[in-house]
Amino acid sequence: MHGLTRVPSRARRSSRIVTAMACVVLLSCAALLLQSKGPSLSASAPIRPSGRTTAPKSPLVRRFGPTRRNTKVNSEAAASADQSAKASGEELNIPQASKKGKNVPEVGRPATPILDMVKNPKNLKNLNMQQLKQLSKEIRSDVIHTVSKTGGHLGASLGVVELTTALHYVFNSPEDKILWDVGHQAYPHKILTGRRDRMHTLRQDDGLSGFTNRFESEHDPFGAGHSSTSISAGLGMAVGRDFAGRKNHVVSVIGDGAITAGMAYEGMNHAGFLDSNQIIILNDNKQVSLPTQYNGGNQAPVGALSGALTRLQANQPLRELREIAKGISKQLPGPIPEAAARIDEYARGIIAGGPSSLFEELGLYYIGPVDGHNLEDLVKNTETPGPVIIHVVTEKGKGYAPAETASDKMHGVVKFDVATGRQNKKAGKTDSYTNYFADSLIAEAEKDPKVVGIHAAMGGGTGLNRFAKKFPERCFDVGIAEQHAVTFAAGLACEGIKPMCAIYSTFLQRAYDQVVHDVALQNLPVRFAIDRAGPVGADGATHAGSFDLSYLGCVPNMVIMAPSNEAELINMVATSIAYDEGPSAFRFPRGNGIGVDLEKEGIVGRKGTPMEIGKAKLCKSGKDVALVGIGNSVNECLLAADILDKEFGVSATVVDARFCKPIDENMMKQLAKEHPALLTVEENSIGGFGSQVTHYLCHEGLLDGGLKLRPLILPDFFIEHGHGTKDNQIDHAGLSAKHIVNHVLGVLERKDKNFELPSESTEKKDKMSYYYMQDERARQGGLVDIDEPCE
């Protein structure tokens, strides 16, 4: 098949390397001889990977691109611009140290004299190379200081400081579009694009997003949060630019983890076909999974591509020789430059063992690897048309010793001490739901050798690194490839294995077709552990699990569960493993368990007991209203029932549904017949548990009488990080206990005794706080939110 050749043996490859290098040397010598015999020849047009000679469509800096139209940008150009600025009176005033007054940094903030003068990317144009290097140091120290106060994604941002500086020195944002894949590495970008004075609000109420956001700045051309979208989005922008006849650049920055996802290859394949001018920066920091190294091991990054990229990085002598030979060969006449380009392409392919050939077979011109922390390398010039991929090697956590030495490179952190890197994690009285899940899966695997775990580069976030420590051969990290993870699990299920796919709710959306077509349609017993269900706090809408009960509830053959506490979660893990009749899923929230006594619940060693499928649990009996919650909402229902009883004399029945599908039809029928009003409560969008209940009651004719039904769901808008912690977001969504109380009073037409919101009355606020503190469920669970970044 064209473009797919067998990798030669080591001996044959070595022979080809020597041959290719010899050809390059001979061409270099020939060039020197020709130059000594006659005048210099003009440079020929750039050579595309296919070998065709074309006129340049747009300039491209050796590593990135030009800063201004038809302008070479390097250290000399920067010096020239600096002199021009002096002549025009626009020189940047860069003090040696901050003076007293408004330039005095806050206590503990490092001095940043150059950064203090940078208000937008245009200010970088007047800096020389020495100043750019100093600016990068100041940006790095500023990021460390800021994130130590706010928490957030630290390691990735530290790794791209020089890259970000170079991009904004070379390009003209926002005219030139710079897209950051995922966006968690964009803190230096935010600092340089006019948002430095708001960085202290990062991921906080009414503050900056932890990712890029189109609504936040014109310098964020595309919103992010999920991976592997930048190439496709950038290609769309490039084609849109071509339609409009504009000449601006489009740059997509994507990591070596994100590029493992299939969507990245789909984008590159299309980019090579369309041949529009687009620059793709491959930010290679050898951190594919989160974390890549764990459990004291020295694991290699996941995937064959990572090994191939490493081989590419190892050929420094050939890369240097290539640069010399290419510069000389461009001065040669006739077909010699084209022949040299073909030899260059051939040599790169056989030495790399695949990546450069892979990219170029997709139609992208490959450049690299380049030292991503060397600014002098990052601003050299050349020109080439069409799509280009530039392989930049960086170090995650660069410049901060605690991050460089941490197994996760301090990827996502809470507030920390700058001197030591020690994070200020609150010690909860209970474990996290994630750890309860992982430990219960371990308990199941100890009893059943067919149990395996699967995650998509999220061993830390899903808890499966704990599982891998116990069962390293039974845990599979597939990289950022949720689609593959689900179909891989389906294949395992075909062979009698019991796969547990642990994927965040928001990321499982990426594999919806595989869930439907490859799992449910064939009724294969694949298990889905869906973490981060409901609001997730500071990571906002991109990471919230708002839709899983809806998008799974409409799929035939699917059993769906949601625990209200850690004991139920452990039992649901056991239920899922025991259920072999088809696919099953259970969702659980971010945060800690609520503190139930596991032994009293019959759980020893975190080994659960399978539950009866579709069986709800009666928590509290009443007569005036029925509150049916699922998942974490059950605890809000219990608290609301206490308030209704003590404040208003309203007797409420509370039911823990436990199953979204199938629902407990007998329980729903009984509640409908015995209560004048029924409310369902869930941390999910329309179409979830409430819809299941409504559909059943409607078809049974139970809504034909006087029953008042009110489904309480997430509102029809995205809840951003600006609404604070997870509990604040639940309150904003109208799903907290106080809102349930008000809904009940409204349904029962008790508006004269409406329970006031805490913000409207200090007395009521104190009373609400009292109820929260008295209720062990809420005090242990609902009010504890470490708010560590989602991975």
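The figures here come from the full heavy-atom set of this structure, side chains too, leaving out hydrogens, waters and symmetry mates. Nothing here was measured: the structure is a model prediction, and the numbers come from that model.
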**Request:** Measure from the side-chain N and O atoms of His675 to the backbone N and O of Gly622, and report whether any donor-acceptor pair falls under 3.5 Å.
**Result:** yes
**Request:** Identify whether the distance between the nearest side-chain nitrogen and carboxylate oxygen of Asp731 and Lys738 falls below 4.0 Å.
**Result:** yes
**Item:** Gln483 side chain to Gln514 backbone, donor-acceptor under 3.5 Å
**Value:** no
**Item:** Geometric class of the His226/Phe507 ring pair [parallel <30°, tilted 30-60°, perpendicular >60°]
**Value:** perpendicular
**Message:** Less than 4.0 angstrom from a charged side-chain N to a carboxylate O is my criterion; do Asp548 and Arg587 meet it?
**Reply:** yes
**Prompt:** Between His455 and Phe467, is the gap from one ring center to the other below 6.0 Å?
**Reply:** no
**Message:** Given Arg532, which partner from the list Thr506, Thr434, Thr462 fulfils the side-chain hydrogen bond (donor to acceptor under 3.5 Å, both in side chains) test?
**Reply:** Thr434
**Message:** Tell me whether Asp439 is salt-bridged to Lys607, with the criterion being a basic N under 4.0 Å from an acidic carboxylate O.
**Reply:** no
**Prompt:** In terms of side-chain geometry, is the basic nitrogen of Asp431 or Arg606 positioned less than 4.0 Å from the acidic oxygen of its partner?
**Reply:** yes
**Prompt:** Going by distance alone, is a donor N or O of one side chain under 3.5 Å from an acceptor N or O of the other, for Ser432 and Asn592?
**Reply:** no
**Phe586 and Phe528: CA distance, side-chain angles, deciding distance, ring-ring contact (aromatic ring centres under 6.0 Å, His included) verdict** = CA-CA 6 Å; Phe586 51 92; Phe528 296 96; 9.7 Å; no
**Message:** Do Thr653 and Ser621 pair up side chain to side chain, a donor and an acceptor below 3.5 Å, judged on atom types alone?
**Reply:** no
**Request:** If the plane angle is over 60° it's perpendicular, under 30° parallel, otherwise tilted; pick one for His695 and His699.
**Result:** tilted
